[in-house]
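Note sheet for the following structure.
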2 protein chains.
Amino acid sequence: MGDEDVVLLDFWPSPFGMRVRIALAEKEIKYEYKEEDLRNKSDLLLKMNPVHKKIPVLIYNGKPVCESLIQVQYIDEIWPHKSPLLPTDPYQRAIARFWGDFVDNKIYDLGRKLWTTKGEEQEAAKKEFIECLKLLEGELGNKAYFGGENLGYVDVVLVPFYSWFYAYEKCGNFSIETECPKLIAWAKRCMEKDTVSKSLPDQDKIYDFVLHLKKVFGIE
Amino acid sequence: MGDEDVVLLDFWPSPFGMRVRIALAEKEIKYEYKEEDLRNKSDLLLKMNPVHKKIPVLIYNGKPVCESLIQVQYIDEIWPHKSPLLPTDPYQRAIARFWGDFVDNKIYDLGRKLWTTKGEEQEAAKKEFIECLKLLEGELGNKAYFGGENLGYVDVVLVPFYSWFYAYEKCGNFSIETECPKLIAWAKRCMEKDTVSKSLPDQDKIYDFVLHLKKVFGIE
């Protein structure tokens, strides 16, 4: 690995990895993509993220950066030439970070519950999941993107979950578009950009992956 | 409330609130401190943090910023004149953010387990708590502060837990100093600064508060 290479240790269905892929694509940065087998992690992954041992890891100049929200901010700071992701105004930056954290703390866990639980637990997760999406819809308002006229930090953080939506809907037996039409319109708008659509796997492929996981975990 | 006031909605034992107090003290910013009764939250809190309804909330120019890690970064960005908290180098910023997140995700929850659980569960929490502190000691290395020669972001984020250490030790029946002497030396170094010591409650007072909580929650 050369010192000036950019390497991404990733796993294709990871919404966290997708964030980094989109951010790098927005900045037009070429990078080497290395797929990890999470049941048999590479020595490079264990060396580059010894604390959490998790993907994604972004390696630039031989030095690792971990945690996707931090990676997206880092990418924005070292390649500011193009597609600024965070706003320049400190208050707007704080608000973007707030919603980024909100997505990180709520959407993944609730989404996971949608396909790992049943009955009352699943219903509760579904209710809270929709409430969270509605809060996000409120923050989006009438803007084209969370970032305003252009894709920004919160868009990059949230849109990867769109590739998981179909799996959530099938497992949870509900329609996200019925509940949150404006959010789905936003997601489709994001998908019109190559930087997004080429960074996200098909919804069908994620659904097949979820069905596979359900079998592995013995979830009916 | 005037538009140019700085107001902090807080609760005295909160390590998250303490971070904001230290950051404001480091920047020499005067502010109005408003103590919240968390069993009877003020209308102002509910209005200013409608999503999480949690303290601390920093209100500047009438506009709220929530989540303590975001607040500390915001304070650093709007008052850059003095005591820079985050490094200027993007890689070092990413590393500081990584350890800030690590503290946020590990220390509070594990610390809470130290006084809310018993037996095997408590032993497991104690073991992981010490492991996390040792990782932090490794990151500190031989520097005076995590920020290097001066107090920085990770110092501000972590040192509030020092006021909880005595309660953890009494409830968990162990000595943090025996396990992590360098970290305790660092904490005492931080406490020599007025900006830190005046922002943190006494360890005894936190221990009394924990004993009170144990009674309220019916924990023997």
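Chain naming here is simple, since letters A, B, ... match the order of the sequence lines and numbering starts at 1 in each. Quick note: numbers below take in every heavy atom, side chains included, and nothing from hydrogens, waters or symmetry partners.
Around NZ of K127(A), the count of heavy atoms belonging to other residues, nucleotides or ligands within 6.0 Å does not exceed 12. Counting non-hydrogen atoms of neighbouring residues, nucleotides and ligands closer than 6.0 angstrom, the CG atom of D43(A) reaches no more than 12 such neighbours. Taking a 6.0 Å sphere around NZ of K54(B), one finds it holds 12 or fewer heavy atoms contributed by other residues, nucleotides or ligands. Counting non-hydrogen atoms of other residues, nucleotides and ligands closer than 6.0 Å to NZ of K30(A) gives a total of 12 or fewer. Other residues, nucleotides and ligands contribute at most 12 non-hydrogen atoms within 6.0 Å of the NZ atom of K113(B).
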Problem set entry | Test side-chain contact (heavy atoms from CB on, under 4.5 Å) applied to F102(B) and E67(A), step by step | CA-CA 10 Å; F102(B) 178 83; E67(A) 303 284 50; over 6 Å; no
For this session: Output, in order, the C-alpha distance, side-chain angles, deciding distance and verdict of side-chain contact (heavy atoms from CB on, under 4.5 Å) for I95(A) and Y74(B).
Result: CA-CA 10 Å; I95(A) 298 302; Y74(B) 175 67; over 6 Å; no
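Considering only heavy atoms from C-beta on, R97(B) stays 4.5 Å or farther from Q71(A) through its side chain.
Residues of residues 83-93 of chain B lying under 4.5 angstrom from chain A, judged on non-hydrogen atoms, are P90(B), Y91(B), R93(B) in numerical order.
Between A94(A) and V65(B) the shortest heavy-atom distance is CB-CG1, 4.0 Å.
Atoms CG and CG, on D101(B) and D101(A) in that order, are 7.0 Å from each other to the nearest 0.5 Å.
P64(A) touches chain B through backbone and side chain together, each having a heavy atom under 4.5 Å away.
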